[in-house]
Amino acid sequence: MKVRKENVKSVACRMPMVFAGIVLSASTVEARVVLPHVLSDGMVLQQQTDVRLRGKATPGCKVEVTGSWDGAKAVSEVANDSLWCVTVSTPKAGGPYEIVISDGDGVPAVIRDVLIGEVWFCAGQSNMEMPMRGFDRQPLRGTNDIIARSRESTKIRVFTPDSKRVFHNKS
């Protein structure tokens with residue numbers, strides 16, 4: 001089969017337009033509601049207090065947050081910098097619950113398996129990264145017994161952030 005020069009040239013001229021069309025259409029498809037990593041499945045919220053939940057969405061739209069523990073809706077308008085923040089009241093300890101976050105235009109984000117209870121933050125240096133079993137040649141006394149006696153119903157969750165992540169303060 002012979003290929004004529006004008007056909008090859010015609011296809012070559014159209015390729016940049018096809019590529020540009022793919023790039024432009026892909027750039028308009030993005031998540032409507034974006035949540036920080038700490039707002040995720042399996043998280044724990046402090047009981048009987050007001051908790052602020054925040055994220056990013058399309059500027060100007062309204063974000064609606066609903067907790068399954070009471071069905072109350074908290075609404076926030078998204079600022080020009082794409083940030084939103086709502087305050088929700090949490091019940092006494094319990095769960096698991098779900099939190100639905102929607103901008104009203106698209107598939108809502110759902111955070112599943114949320115527990116309400118006591119939240120403890122522990123911070124320190126590298127020794128804070130020690131696992132329950134201890135480090136090599138540095139075992140921890142009694143941890144095997146504690147683990148063996150623990151029950152499935154003991155709801156303890158641990159969140160370990162990426163130690164290499166850089167956090168920016170945007171108060």
Side-chain angles (χ1 to χ4, degrees), residues 30-135 138-171:
E30 61 182 65
R32 300 269 186 206
V33 174
V34 179
L35 302 174
H37 294 290
V38 294
L39 298 183
S40 62
D41 292 350
M43 73 177 185
V44 180
L45 295 177
Q46 181 64 38
Q47 69 172 328
Q48 298 176 318
T49 192
D50 291 334
V51 176
R52 292 194 314 192
L53 304 175
R54 56 182 81 211
K56 291 185 174 186
T58 306
C61 74
K62 290 194 185 306
V63 171
E64 186 176 277
V65 179
T66 308
S68 66
W69 54 87
D70 64 359
K73 296 181 186 328
V75 179
S76 173
E77 186 167 334
V78 181
N80 289 336
D81 61 359
S82 300
L83 299 177
W84 58 266
C85 180
V86 298
T87 301
V88 296
S89 295
T90 57
K92 64 181 183 177
Y97 298 109
E98 288 187 349
I99 300 174
V100 178
I101 304 168
S102 173
D103 68 351
D105 186 33
V107 179
V110 179
I111 305 171
R112 293 178 173 79
D113 194 24
V114 176
L115 295 180
I116 308 289
E118 292 300 314
V119 176
W120 293 67
F121 286 97
C122 301
Q125 297 178 341
S126 60
N127 61 345
M128 292 300 295
E129 296 183 26
M130 182 178 284
M132 288 291 287
R133 63 174 161 64
F135 289 126
Q138 295 177 334
L140 296 176
R141 292 186 185 148
T143 56
N144 288 336
D145 293 333
I146 293 169
I147 293 168
R149 286 193 312 257
S150 67
R151 295 176 289 176
E152 185 76 27
S153 62
T154 305
K155 296 179 179 175
I156 297 176
R157 304 238 170 119
V158 177
F159 175 78
T160 306
D162 181 358
S163 61
K164 293 174 182 46
R165 180 166 299 199
V166 176
F167 293 95
H168 299 284
N169 186 10
K170 288 193 120 186
S171 300

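These numbers come from the heavy atoms of this one structure, side chains and all, not from hydrogens, waters or symmetry mates.
Scanning all heavy atoms of the two residues, the minimum distance from Val63 to Ala57 falls at CG2-CB, 3.9 Å. Annotation for Val33 and Leu35: closest pair CG1-CD2, 4.0 Å, computed over non-hydrogen atoms. Heavy-atom minimum distance, Pro59 versus Ser82: CG-OG, 3.6 Å.
Contact annotation: the side chain of Ile99 approaches that of Val65 to within less than 4.5 Å [non-hydrogen atoms, C-beta and beyond]. Using a 4.5 Å cut-off on side-chain heavy atoms (C-beta onward), Arg54 and Leu83 make no contact.
Each of Val100, Ile101, Val75 was compared with Glu64 under the side chain to side chain contact (heavy atoms under 4.5 Å, CB included) criterion, and only Val75 meets it.
Atom CG of Asp145 is surrounded by more than 12 heavy atoms from other residues, nucleotides or ligands within 6.0 Å.
Sorted by first then second residue, the side-chain hydrogen bond (donor to acceptor under 3.5 Å, both in side chains) pairs that include residues 84-102, not counting sequence neighbours, are Asp50-Ser89.
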Donor-acceptor contacts under 3.5 Å from residues 107-120 side chains, at least two apart:
from   : atom 1 : to     : atom 2 : distance (Å)
Asp113 : OD1    : Arg157 : NH2    : 3.1
Asp113 : OD2    : Arg157 : NH2    : 3.1
Glu118 : OE1    : Gln46  : NE2    : 3.2
Glu118 : OE2    : Gln46  : NE2    : 3.4
Glu118 : OE2    : Gln47  : NE2    : 2.7

